[in-house]
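The structure appears right after this line, and notes come after that.
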Amino acid sequence: MQRVCTAAEAIFYFDAFFKGSNGNTLKPNRNCNLTSWVSGCEPGWACRTPSNEPADLENSQVIPSRTNACQPCCEGFFCPRGLTCMIPCPLGSHCPVAKLNDQTGICEPYSYQLPPGKQNHTCGGANVWADIRSSGEVFCSAGSYCPTTVQKEPCSKGHYCRTGSTSEKRCFKLTSCNSSTSTQDLHAYGIMLIVATVTLLLIIYNCSDQVLTTRERRLAKAREAAARSARETAKARKRWIAAKNAAKKHASELQSHISQKFSFKKSTKDPEELKILDRTRFEEDEDLYAPVYTSASSESLSSSAASKGQMHEIEDDIEKHDIFDVSSHDRKSKGHTTKGKQPHTNSQIFKYAYAELEKEKAKQEENKNLTFSGVVSMATNPETRKRPLIEVSFKDLTLTLKGKDKHLLRCVTGKIKPGRITAVMGPSGAGKTTFISALAGKAMGCKMTGLILINGKNESIRSYRKIIGYVPQDDIVHGNLTVEENLWFNAKCRLPAHLSKPDKVLVVERVIEALGLQMVRDSLVGTVEKRGISGGQRKRVNVGLEMVMEPSLLILDEPTSGLDSASSLQLLRALRHEALEGVNICMVLHQPSYSLFQMFDDLVLLAKGGFTVYHGSAKKAEQYFAGLGIHVPDRVNPPDHFIDILEGIVKPSQSSGVNYKELPVRWMLHNGYPVPPELQQTAARISMPSASPDLSDGISPHAGIDERSFAGELWQDVRTTVEIHRDTIRHNFLKFKDLSSRRTPGVLWQYRYFLGRLGKQRMREAKVQATDYLILLLAGACLGTIGKTGEENFGAIGYTYTIIAVSLLCKIAALRSFSLDKLQYLRERASGMSSLAYFLAKDTIDHFNTVIKPLVYLSMFFFFTNPRSSFAENYVVLLCLVYCVTGIGYAFAIFFHPGSAQLWSVLVPVVLTLVATRTQDNEVLKKISNLCYPKWALEAFVIANAEKYYGVWLITRCGALMKSDYNLHEWTLCIGILILTGIISRLIAFFGMITFRKK
């Protein structure tokens with residue numbers, strides 16, 4: 001014990017590592033300095049303290065005098081150069097007494113030499129314990145294990161021993177471990193995983209649609225059976241009605257015959273009675289004396305009464321066995337199916353829906369022959385459920401483009417009424433789309449003046465958006481959903497929440513039948529890459545998305561573009577049916593056919609510049625223009641002729657004295673509307689026909705042009721852009737009172753509906769998912785081969801490659817979540833669907849990839865590198881990393897265009913990882929690296945691996961962690977920061993999604 005180092009000497013030795021020494025060279029001390037250098041100061045040797053000064057091993061302040069009886073270091077200890085004491089070797093080391101190699105003069109297995117000039121000096125024990133690079137000879141070698149510091153055993157077969165092991169570890173089954181091996185051969189597991197994963201991916205790739213296809217096939221069978229049953233029941237009902245009518249006719253004929261016979265007998269008995277008594281009295285007498293006639297007559301009358309009773313029984317029997325159950329299931333009734341009798345299976349629901357459709361068809365046939373009183377009674381029926389009526393009136397509506405002072409719409413006055421179809425027409429640049437966008441509350445980037453009144457009240461149209469349908473010009477539908485799935489999703493999210501599922505199915509079935517989409521209901525709509533339904537059918541689906549929510553105001557932007565005449569007529573008939581239910585329909589068209597033009601109730605004709613030329617009944621348009629001297633030639637479509645005149649292609653006859661530029665002013669004067677100042681001269685010229693024509697409207701070509709400097713124009717553009725963004729944010733965040741009286745499903749229900757839709761979309765995109773997994777497999781195999789886990793850096797190099805690769809691949813995959821359906825989201829958000837439910841559903845579906853992708857990558861990387869940390873620890877870190885980068889990918893997808901988002905997804909992980917790993921000599925980079933997620937991910941990986949290194953590895957571990965500024969106790973903190981980064985990035989992405997709207 002006299003030669004063992006005290007606490008002060010141990011501190012002196014280990015403190016040298018913090019001052020740049022590697023343990024081989026120590027500073028001068030009390031025993032070893034320039035004036036005192038005994039044999040114990042040489043490496044591998046130690047001395048004793050004087051017998052009268054015993055060493056206090058716990059003394060950490062004073063180094064004792066130790067220069068007596070110097071001898072070689074004992075086995076199991078190491079004696080560093082510059083200290084005259086022994087320090088015990090740590091676990092996992094092998095410290096035998098050194099032997100001199102006569103050829104090299106080195107004391108093996110160590111690397112020190114004997115001091116020159118000392119003949120009696122021999123090799124001692126170990127001389128140093130430091131990191132593995134400086135003192136690798138002390139570490140128990142790979143393929144062997146050291147139970148003690150003086151014992152070294154080779155690894156037996158079936159076991160493996162890493163560097164610095166104190167015991168041997170059993171190899172996994174199916175692995176080959178020869179004797180004296182340092183790692184287990186996991187290639188068998190790797191091959192099995194590759195085969196299993198590739199097989200699974202191939203199954204997914206080829207059979208991804210089978211689950212949905214099988215389910216759709218089952219639903220189709222139930223639907224076809226229900227439709228067949230409904231048709232058969234309808235036919236049976238018709239046969240019952242025909243039989244009932246025939247029986248009624250026969251009974252009435254029999255009754256008439258008996259009555260005539262009775263009247264004849266009575267008239268012969270008292271012929272003068274007919275002349276004296278009136279009809280009422282006669283009928284009373286007939287009833288009074290009817291029982292006194294002969295038995296034959298009585299039997300005939302009784303048979304007539306029996307016939308009547310039989311008819312009532314037949315009718316009661318029909319109603320009793322009728323599957324339609326009018327009182328419970330009629331779409332027009334206020335109530336819905338009772339709780340106990342509500343259909344719940346698919347077959348029952350489809351039977352109910354198709355039965356109602358057949359019943360409605362029968363009613364339509366009956367309504368064709370209704371008299372005026374019958375129509376009035378049907379309309380005033382208290383059981384009829386009417387949609388809320390919306391009348392939109394507008395006065396002096398003017399829209400001016402911000403920053404350019406360009407009028408898109410000018411002085412438009414009028415109204416669109418419920419129960420009528422209004423067509424908005426005009427030449428290109430007349431502001432047709434701007435007009436309906438203003439009515440729908442969607443005009444952005446414009447300054448609006450004038451009034452828009454809803455039912456005569458100055459209220460925002462957005463307060464009624466739950467019962468307003470807006471069909472955009474582009475066919476914004478989900479291409480990877482079927483026609484029925486698109487319609488059914490909109491119906492679930494936008495119809496009243498209290499409406500039962502059978503009633504919602506009925507609404508969807510009615511729209512599908514009205515739009516003629518029965519044959520393609522189970523077909524995918526299609527995308528640019530994958531062919532689906534035709535363009536005309538896609539257009540009808542676009543319209544059907546708004547029809548299924550049963551709107552009160554339906555605004556359509558060119559719904560007939562791309563449709564043939566038959567499809568256009570079918571669409572107009574469906575819209576006409578909606579109008580009969582009180583729906584206010586306004587639509588933009590380009591030169592409709594004459595048959596279509598005849599189906600419109602009202603016409604809004606706009607000229608270039610956004611002026612109104614005509615607004616009124618479509619049937620009176622020709623009469624109005626004829627009054628101006630503009631006659632429609634024979635065999636010319638009236639709307640085509642009007643638009644050609646407004647374009648200046650066709651000029652009115654000279655006799656009319658009308659110029660097409662004067663038509664807006666003539667309409668204003670015709671209705672007594674105020675004329676804008678710039679058109680006052682034209683108005684005066686029209687009022688005084690003798691004035692010479694001047695087509696310039698009295699305005700100088702250079703009037704109103706504001707000469708500005710370049711800086712002024714630049715400042716105006718910046719100011720305009722800021723105002724537009726401000727208006728957009730205000731438009732998205734400003735809340736309006738809901739006046740629609742419709743309670744749609746809440747956030748949780750919509751979240752459930754979004755989950756179902758996204759699940760179907762992802763199943764149809766399984767091939768893309770399989771490709772992502774295959775790329776991750778290859779990346780894991782390649783990086784696992786290249787970045788073998790280094791013992792001295794605890795696998796930091798391989799983990800750095802992992803962070804870059806996984807971040808890049810997962811971010812690019814996350815871009816697809818929000819980049820591909822931005823237009824669909826904007827349409828759904830504008831219709832009142834929950835943005836929160838949409839975002840949460842997207843994120844929830846992506847959690848599947850968040851959980852699976854780390855498993856796929858580690859199935860290759862882990863078994864190729866075989867780190868000391870467990871698979872579970874690596875999986876947790878990689879799981880949090882994928883969660884983090886997925887959120888960052890969301891933000892890139894929302895804030896940037898697809899091309900820029902992909903570029904950022906590639907650059908960010910590379911740059912941030914370089915910043916996180918190059919912080920040794922730069923304090924600024926150290927602070928910046930704390931904001932970089934790769935720093936925390938790499939620290940978590942390294943810490944999890946470094947914790948498995950102990951004993952002889954302690955100095956190496958401590959040095960490596962200090963060099964990288966890592967803390968062994970911050971693993972939980974690293975995981976928390978990764979999760980927090982993912983949450984914050986998602987919050988930023990959600991804020992951007994509901995705030996900004998890219999062009």
Side-chain angles (χ1 to χ4, degrees), residues 392-416 422-453 460-462 468 470-474 555-558 561 586-591 603-615 642-643 645-648 660-665 667-668 673-680 682 697 699 701 703-706 713 716-717 719-728 730-731 826 830 997-999:
V392 183
S393 56
F394 36 91
K395 183 178 180 181
D396 290 333
L397 184 61
T398 301
L399 266 72
T400 307
L401 195 62
K402 288 186 177 180
K404 295 184 179 180
D405 296 330
K406 178 183 178 182
H407 295 301
L408 303 178
L409 210 63
R410 196 73 195 278
C411 302
V412 180
T413 300
K415 65 174 62 175
I416 55 175
T422 303
V424 181
M425 293 190 293
S428 298
K432 301 182 295 297
T433 300
T434 303
F435 171 66
I436 63 172
S437 297
L439 296 185
K442 298 176 180 292
M444 304 297 296
C446 300
K447 179 182 178 182
M448 188 177 73
T449 57
L451 287 177
I452 297 180
L453 304 178
S460 173
I461 192 69
R462 296 189 67 198
I468 294 177
Y470 182 85
V471 180
Q473 182 175 352
D474 298 324
I555 300 175
L556 306 96
D557 191 2
E558 301 186 21
S561 298
C586 180
M587 56 195 302
V588 173
L589 288 99
H590 275 300
Q591 298 180 331
L603 172 65
V604 177
L605 196 58
L606 299 176
K608 288 188 176 181
F611 289 100
T612 306
V613 173
Y614 177 80
H615 180 19
F642 299 151
I643 293 175
I645 289 178
L646 295 176
E647 284 278 10
Y660 73 94
K661 293 183 179 180
E662 300 174 353
L663 292 177
V665 180
W667 174 254
M668 295 177 188
Y673 298 150
V675 180
E678 64 270 20
L679 299 179
Q680 291 285 352
T682 304
D697 293 336
I699 301 175
I705 298 178
D706 185 14
E713 291 183 2
Q716 182 64 30
D717 290 342
R719 182 179 177 182
T720 302
T721 303
V722 172
E723 289 180 356
I724 292 174
H725 282 296
R726 182 195 63 192
D727 293 344
T728 303
R730 184 182 301 170
H731 181 270
L826 292 175
R997 177 178 177 179
K998 294 185 289 298
K999 294 181 180 179

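Values in this document were obtained by computation on a predicted structure and should not be read as measured data.
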Do Leu679 and Phe611 come close enough that some side-chain heavy atom pair is under 4.5 Å?
yes
For the pair Thr612 (side chain) and Tyr614 (backbone), establish whether a donor and an acceptor sit closer than 3.5 Å, ignoring hydrogens and angles.
no
Do the side chain of Lys432 and the main chain of Gly426 share a donor and acceptor less than 3.5 angstrom apart?
yes
Separation between CG (Asp474) and CG (Asp557), nearest 0.5 Å, reads 8.5 Å
Scanning both residues in full, the closest heavy-atom pair of Asp396 with Thr413 reads N-OG1, 3.0 Å
Ignoring hydrogens, what is the shortest heavy-atom contact between Pro674 and Met668? Give both atom names and the distance.
O-SD, 3.9 Å
Nearest 0.5 Å, please: how far is CG in Leu409 from CG in Leu401?
12.5 Å
Would you say that Ile461 contacts Leu439 through its side chain, given a criterion of any heavy-atom pair below 4.5 Å between the two side chains?
no
In a check of side-chain hydrogen bond (donor to acceptor under 3.5 Å, both in side chains) between Thr400 and each of His407, Arg410, Lys447, which one passes?
His407
Per the side-chain contact (heavy atoms from CB on, under 4.5 Å) rule, which among Val665, Leu646, Leu606 passes with Val613?
Leu646
Can you check whether His590's main-chain N or O pairs, donor with acceptor, with Glu558's side chain at less than 3.5 Å?
no
For a quick test of reading the model, state the closest non-hydrogen atom pair linking Glu647 to Pro427 and the distance between them.
OE2-CB, 3.0 Å
Short question: side chain of Thr398, backbone of Cys411 - any donor-acceptor pair under 3.5 Å?
yes
Distance under 6.0 Å and angle within 45° of ring axis: Lys442 vs Tyr470
yes
Inter-residue atom distance Thr449.OG1 - Leu397.CG, 0.5 Å rounding:
7.5 Å
Please work out whether the ring planes of His615 and Phe394 are parallel, tilted or perpendicular, with thresholds of 30° and 60°.
parallel
